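I have placed the structure first, in the form of structure tokens, so that the comments after it can refer back to it.
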Amino acid sequence: EQLRTDLKAMQREYGLYDIETQLASYFDLIGEVTVNLIQSEIRLDLLDQSVSESNQAYIRALREFETLQRKLDDVYRDENRENLLLNITELPDAISEYLYLDQSLEIQQEIQKFILPIYEQAKMEEIKAIPSVSVVDAPEVAPVKDRPRRSIMVILTFISTFLLVTVGFIGELVWKNNRELIDYLRS
């Protein structure tokens, strides 16, 4: 991640974004301006031999030659980062740094391509190696049964059943003995 950040910072610093395209365009521009400069210089030499220096055609050719010369110097020494033109004096350092960072980034990506499957495989093997059942203590047979206490459960069940049956019989007896009173109260 640090290499990507360094590469972005370097690209902003030198104005390099797509180095191959920019260099091709840059050298095409220099070649084109140089060709125009040479043609202008040839025209100026021809006019110098055939007309006087006060002639309008000669003055125009001289201005064109001087303008092309200034433009070529501007192209070589462009300091403005807003332009996509490159500064020829900074170009060796910029290309060297760009290639170093790009190469480091490619190496890191290749290492990740190689290591990532190994890392995933190691994680899977670690999961497989963890036992699903682990013995904490060795089992021991108890000398005396501790719980549940069946005798207490049987006695409590017998007592609760006896109480429920007794309450049921008493309720039925009260119902039968007081049936006349209940019928009288209902009416």
Side-chain angles (χ1 to χ4, degrees), residues 1-140:
E1 191 61 36
Q2 181 62 36
L3 281 174
R4 291 178 200 268
T5 306
D6 292 346
L7 185 62
K8 286 178 189 175
M10 190 278 309
Q11 286 175 329
R12 283 190 196 107
E13 179 184 347
Y14 290 110
L16 290 174
Y17 298 101
D18 182 10
I19 194 164
E20 290 85 12
T21 307
Q22 278 182 285
L23 283 175
S25 298
Y26 181 70
F27 288 120
D28 285 346
L29 177 65
I30 288 176
E32 209 173 298
V33 172
T34 304
V35 165
N36 288 339
L37 182 66
I38 291 170
Q39 288 174 351
S40 175
E41 187 176 12
I42 291 170
R43 273 194 301 276
L44 186 62
D45 282 347
L46 289 174
L47 286 172
D48 188 34
Q49 293 171 3
S50 61
V51 294
S52 71
E53 290 183 4
S54 61
N55 188 320
Q56 287 297 324
Y58 180 82
I59 293 172
R60 254 191 319 251
L62 182 63
R63 286 184 185 154
E64 177 185 355
F65 176 75
E66 290 170 349
T67 302
L68 284 171
Q69 228 174 6
R70 273 195 317 274
K71 287 300 176 186
L72 189 60
D73 286 342
D74 288 347
V75 168
Y76 275 122
R77 291 171 189 77
D78 186 29
E79 302 276 334
N80 188 358
R81 297 285 184 229
E82 299 297 318
N83 295 339
L84 290 179
L85 296 176
L86 304 172
N87 187 342
I88 198 85
T89 59
E90 294 178 345
L91 204 54
D93 294 336
I95 290 174
S96 173
E97 189 174 346
Y98 176 83
L99 291 176
Y100 171 75
L101 290 172
D102 191 48
Q103 181 183 25
S104 298
L105 193 59
E106 284 182 31
I107 289 171
Q108 195 174 58
Q109 288 172 343
E110 289 301 317
I111 289 172
Q112 284 181 352
K113 283 180 188 176
F114 178 72
I115 289 180
L116 194 60
I118 294 172
Y119 174 69
E120 293 295 327
Q121 183 180 2
K123 282 185 2 184
M124 293 302 291
E125 287 176 7
E126 182 181 354
I127 290 171
K128 287 179 186 177
I130 297 174
S132 58
V133 176
S134 59
V135 177
V136 178
D137 292 329
E140 295 177 9

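Treat the numbers as computed from the prediction; the structure is a model and nothing was measured.
- Every residue two or more places apart in sequence or in another chain was checked for a side-chain hydrogen bond (donor to acceptor under 3.5 Å, both in side chains) with K123, and none qualifies.
- Between E53 and D48, some side-chain heavy-atom pair lies under the 4.5 Å cut-off.
- Contact between S40 and A61 at its shortest, heavy atoms only, is OG-O, 3.7 Å.
- By the 4.5 Å heavy-atom criterion applied to side chains, I115 and Q112 are not counted as neighbours.
- From N36, atom CG reaches atom CZ of F65 across 12.5 Å, with rounding to the nearest 0.5 Å.
- Taken to the nearest 0.5 Å, the CD1 atom of I118 stands 11.5 Å off from the CD atom of E120.
- Inter-residue side-chain proximity for L44 and L62 is flagged as met; some heavy-atom pair is nearer than 4.5 Å.
- Distance CG/L72 to OG1/T34: 4.5 Å, rounded to 0.5 Å.
- Side-chain contact between L68 and E64 is present, with at least one heavy-atom pair separated by less than 4.5 Å.
- Taking the side-chain hydrogen bond (donor to acceptor under 3.5 Å, both in side chains) definition, one finds that E110 meets it with K113, sequence neighbours left out.
- Here the CG atom belonging to L37 is positioned 11.0 Å from the CD atom belonging to E66, to the nearest 0.5 angstrom.
- Shown here are the salt bridge (charged side-chain N to carboxylate O under 4.0 Å, His left out) partners of E125, two or more places apart in sequence or in another chain: there are none.
- V33 pairs with exactly one of L29, I30, V35 by the side-chain contact (heavy atoms from CB on, under 4.5 Å) rule, that one being L29.
- Annotation for E126: atom CD does not count as buried by contact number, only 12 or fewer foreign heavy atoms lying within 6.0 Å.
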